[in-house]
Amino acid sequence: MNKVVLVTGASKGIGKATIIEFASKGYNVVINYNNSKSDAEKLKRHVEEKYNIKALTIKADVSSEKEVKDMVDRIIKDFGNIDVLVNNAGIVYDRKFDDIKIEEFEKTLKVNLIGAFIVAREVSKYMKKGSSIVNVSSTNGTKTISPECLDYNISKIGLQSLTRDLAFQFKPNIRVNAIAIGWADTDMNKDLPKDYIKEETSKIYLERFASTGEIAKTIFFLASNDSSYINGEIVNIDGGY
C-alpha cells in the first residue's frame with residue numbers, strides 16, 4: 001500500500017517540486033491549492049502518468065477550519081491514511097513599513113501560521129506512529145531582515161516556534177521539523193529587480209539561488225526514515241548567506 005503525502009499550496013513552485021519528488025518515490029499525493037486549479041490538475045496528470053501513482057487535487061483555503069476539515073475527510077475517504085504533511089501554503093505582501101495594511105497583516109498570519117496549525121491539528125488525528133510533518137519556513141527574520149515584508153517574517157518565525165511545539169505535542173509518534181529557506185527560484189521571486197537579485201546572490205556562498213528541486217529533496221529527507229532521529233529541528237537551506 002502506497003504511503004500518502006499532503007502538500008498544501010502545491011500547484012506551483014516548491015509545492016509542485018515536492019509533489020513530484022514524493023511521487024517519484026512511490027507516494028500517492030494530495031495536491032492542495034486555493035486559486036490555481038488548472039496548474040493543480042496539470043500536475044496531477046503529470047505525476048499519475050509518469051510515476052504510476054494516484055493523485056488527488058483538492059481546493060481548500062488552509063486558513064478556513066471548515067475547508068481544512070472537509071479536505072482531510074476527503075483524503076481519508078479516498079486514501080484511508082495520511083503519512084506525511086508538508087505545510088507549504090504561504091502568501092507575502094511587499095509593503096513599506098508605513099504602508100502595511102492590517103487586513104493584509106492578518107491574512108498573512110492566518111495563511112502562513114494559523115493555517116499550518118489548523119492543517120497539522122486535523123491531519124494528526126489520522127496519522128500513525130512513524131508519520132512526519134514538515135513545515136516550510138524561511139530565513140526571513142531569523143538570519144535576514146526584510147522590513148518590507150514584516151508580516152511575512154513574523155509568520156515564518158512563528159512557524160518555527162509552532163514546529164517545536166508540535167514536535168513536543170505529537171511525541172513520540174509523529175516527527176515535526178521545518179526548513180528555513182533563503183533565496184530560491186520561485187514565482188514569488190521571479191519579478192525582483194535584476195540589480196537586487198545580483199546584489200543578494202553575491203551574499204550567498206554558493207553564488208546562486210536554490211532550485212525548487214533541491215528544496216524538495218530536503219523536505220523528502222526530513223519526512224523519510226533516513227531522518228528518523230531528527231525531530232523539532234529547523235534546517236536552513238540558504239547556500240550559506
*Under 4.5 Å between any side-chain heavy atoms of Thr142 and Ile157, yes or no?*
yes

*Got Asn34 and Lys59 here, is their nearest side-chain heavy-atom distance under 4.5 Å?*
yes

*Please check if atom NZ in Lys42 has more than 12 non-hydrogen atoms from other residues, nucleotides or ligands closer than 6.0 Å.*
no

*Determine the interplanar angle of the Trp183 and Tyr196 rings, folded into 0 to 90°, and report it as parallel if under 30°, tilted if 30 to 60°, perpendicular if over 60°.*
perpendicular

*Would you mind checking if Arg45 and Glu48 are paired as a salt bridge, meaning a charged N to carboxylate O distance below 4.0 Å?*
no

*For residues Leu6 and Val123, determine if any side-chain heavy atom of one lies less than 4.5 Å from a side-chain heavy atom of the other.*
yes

*Look only at the side chain of Glu122 and the backbone of Asp70, and say whether a donor-acceptor pair between them is shorter than 3.5 Å.*
no

*Looking only at atom types and distance, does a side-chain atom of Thr8 sit under 3.5 Å from a main-chain N or O of Asn88, one as donor and one as acceptor?*
yes

*For Asp61, which of Lys107, Lys110, Lys66 qualifies under salt bridge (charged side-chain N to carboxylate O under 4.0 Å, His left out)?*
Lys107

*Donor-acceptor under 3.5 Å (Asn153 side chain, Ser146 main chain)*: yes

*If every non-hydrogen atom of Asn32 is compared with every non-hydrogen atom of Gly9, which pair is closest and at what distance?*
OD1-N, 3.0 Å

_Within the structure provided, determine whether Val235 and Asn177 are in side-chain contact (heavy-atom separation under 4.5 Å)._
no

*Tell me whether the guanidinium CZ or amine NZ of Lys25 lies under 6.0 angstrom from the six-membered ring centre of Phe22 and within 45° of its axis.*
no

*Among Ile179, Val7, Ile19, Thr212, the one residue meeting side chain to side chain contact (heavy atoms under 4.5 Å, CB included) with Ile14*: Thr212

*Val136 side chain near Ile219 side chain, heavy-atom distance below 4.5 Å*: yes

_Tell me whether Arg95 is salt-bridged to Glu104, with the criterion being a basic N under 4.0 Å from an acidic carboxylate O._
yes

*Salt bridge or not for Asp151 and Lys101, using N-O below 4.0 Å?*
no

*Carboxylate-amine/guanidinium proximity below 4.0 Å for Lys217 and Glu214*: no

*Is Asp78 paired with Arg74 through a side-chain N to carboxylate O contact shorter than 4.0 Å?*
yes

*asked:* Show the nearest heavy-atom pair for residues Ile174 and Lys128, with the distance to one decimal.
replied: CG1-O, 4.5 Å

*Within a reach of under 6.0 Å around OH of Tyr241, are more than 12 heavy atoms found that belong to other residues, nucleotides or ligands?*
yes

*Is there a side-chain contact between Asp39 and Tyr33 (heavy atoms, below 4.5 Å)?*
no

*Ion pair present between Glu65 and Arg121, side-chain N to carboxylate O less than 4.0 angstrom?*
yes

*Does NZ in Lys54 sit with more than 12 non-hydrogen atoms of other residues, nucleotides or ligands closer than 6.0 Å?*
no

_In the structure I gave you, are the side-chain heavy atoms of Ser63 and Ile114 within less than 4.5 Å of one another anywhere?_
no

